[in-house]
Amino acid sequence: FISQFRSAATRDLVHTLPPPGHVATFERCRLNHDERATNATWVAFHRDLLRLRKQIHTAKIDGAVLGERTFVLRYFAEADVLIIVNLGVEARWASCPEPLMAPPSSARWTLGWSSEDPKYGGAGTAPVDTDDGWHIPGLTTVLLMATSR
C-alpha cells in the first residue's frame, strides 16, 4: 500500500515498516493515556479543534488564497464562520482584500478561536478586524464568528 506514495516507494523503506496487520503494530499505535498529563496543552488543542469541527462541519464552504502563505475558508451556516490561516509572517491589509471576508449584513467578526491562545502555549491574539484594517499574526490560524452588532 505504501508504495503508491512516491516519497516512500523505495523497497528499503517499505521493508522497514512494521507489518500493519500484526497485533504488536496495533499496540504501538494505541493512545497512551498516561501521556495526557504531560501533553495537556496538545490534548486541549486537539480537543478544541474536534469540538469546532463538529460545530461547523455541515455548513457550505468556500475559500480563497489571500497571499503566498495565507488563505481563508468561509463557512456559511446559521452563524457564519471565517477561518484565516497564515503560514507566513504577520499579514496586514488596510481594507478587506477578499469578498469572503465581509461579515454578513448587520454583523461583525469576533474572535472565536486562535492557535495562539495562551492555553496552547501561545501569546494570545489581538482583534484581527480593526478600524485600521486586518492584522493576522504570523504562523497563526484564527476562527472568527459572525455576531450581531
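- When atom types are taken as modelled, the side chain of T70 and the backbone of G67 share no donor-acceptor pair closer than 3.5 angstrom.
- In this structure a side-chain-to-backbone donor-acceptor pair under 3.5 Å is present from E116 to A123.
- W113 approaches T141 most closely through the heavy-atom pair CZ3-O, 3.6 Å.
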Q.
Would D80 and L144 count as a side chain to side chain contact (heavy atoms under 4.5 Å, CB included) here? Give the steps.
A. CA-CA 9 Å; D80 286 12; L144 304 174; over 6 Å; no
Q | CA sep, side-chain torsions, deciding dist, call: L50, K54, side chain to side chain contact (heavy atoms under 4.5 Å, CB included) | A | CA-CA 6 Å; L50 290 169; K54 283 182 182 179; 5.7 Å; no
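- Within the 4.5 Å cutoff, side-chain heavy atoms of F76 are placed close to those of D62.
- Note that the CG atom of D132 and the OG atom of S95 stand 12.0 Å from one another [nearest 0.5 Å].
- Residue M145 qualifies as open at atom CE: its count of foreign heavy atoms under 6.0 Å is 12 or below.
- Panel note: side chain R74, backbone L82; no donor-acceptor pair is recorded below 3.5 Å.
- The heavy-atom pair separating V128 from P137 by the smallest distance is CG1-CD, 4.3 Å.
- Under 4.0 Å is where a charged nitrogen must lie from a carboxylate oxygen, and between D129 and R108 no such pair does.
- D48 and Y120 form a side-chain donor-acceptor contact under 3.5 Å, judged by distance and modelled atom types alone.
- Other residues, nucleotides and ligands contribute over 12 non-hydrogen atoms within 6.0 Å of the CZ atom of R51.
- There is no path of hydrophobic side-chain contacts, each under 4.5 Å, that joins L73 to M101.
- Here the closest heavy-atom approach between residue K119 and residue T41 is recorded as O-CG2, 3.7 Å.
- Between F45 and W42, the ring-plane angle classifies as perpendicular under the 30° and 60° cut-offs.
- Residues F71 and Y75 share a single hydrophobic cluster, defined by chaining ILVMFWY side chains whose heavy atoms lie under 4.5 Å apart.
- For E68, the CD atom is loosely surrounded, since the number of other residues' heavy atoms within 6.0 Å does not exceed 12.
- For D117 (side chain) and S114 (main-chain N/O), no donor-acceptor pair under 3.5 Å exists by modelled atom type.
- Using modelled atom types, no side-chain atom of W93 and backbone atom of L66 make a donor-acceptor pair closer than 3.5 Å.
- Each of V72, I56, I61 was checked for a side-chain contact (heavy atoms from CB on, under 4.5 Å) with I83, and the lone residue meeting it is I56.
- Not one N or O on the side chain of R28 forms a donor-acceptor pair closer than 3.5 Å with the backbone of P18.
- Among all heavy-atom pairs drawn from I84 and W134, the shortest one is CD1-CZ3, 3.8 Å.
- T110 contributes no side-chain N or O that, together with a main-chain N or O of T147, makes up a donor-acceptor pair within less than 3.5 Å.
- Counted by atom type alone, T140 and N86 present zero donor-acceptor pairs between their side chains at under 3.5 Å.
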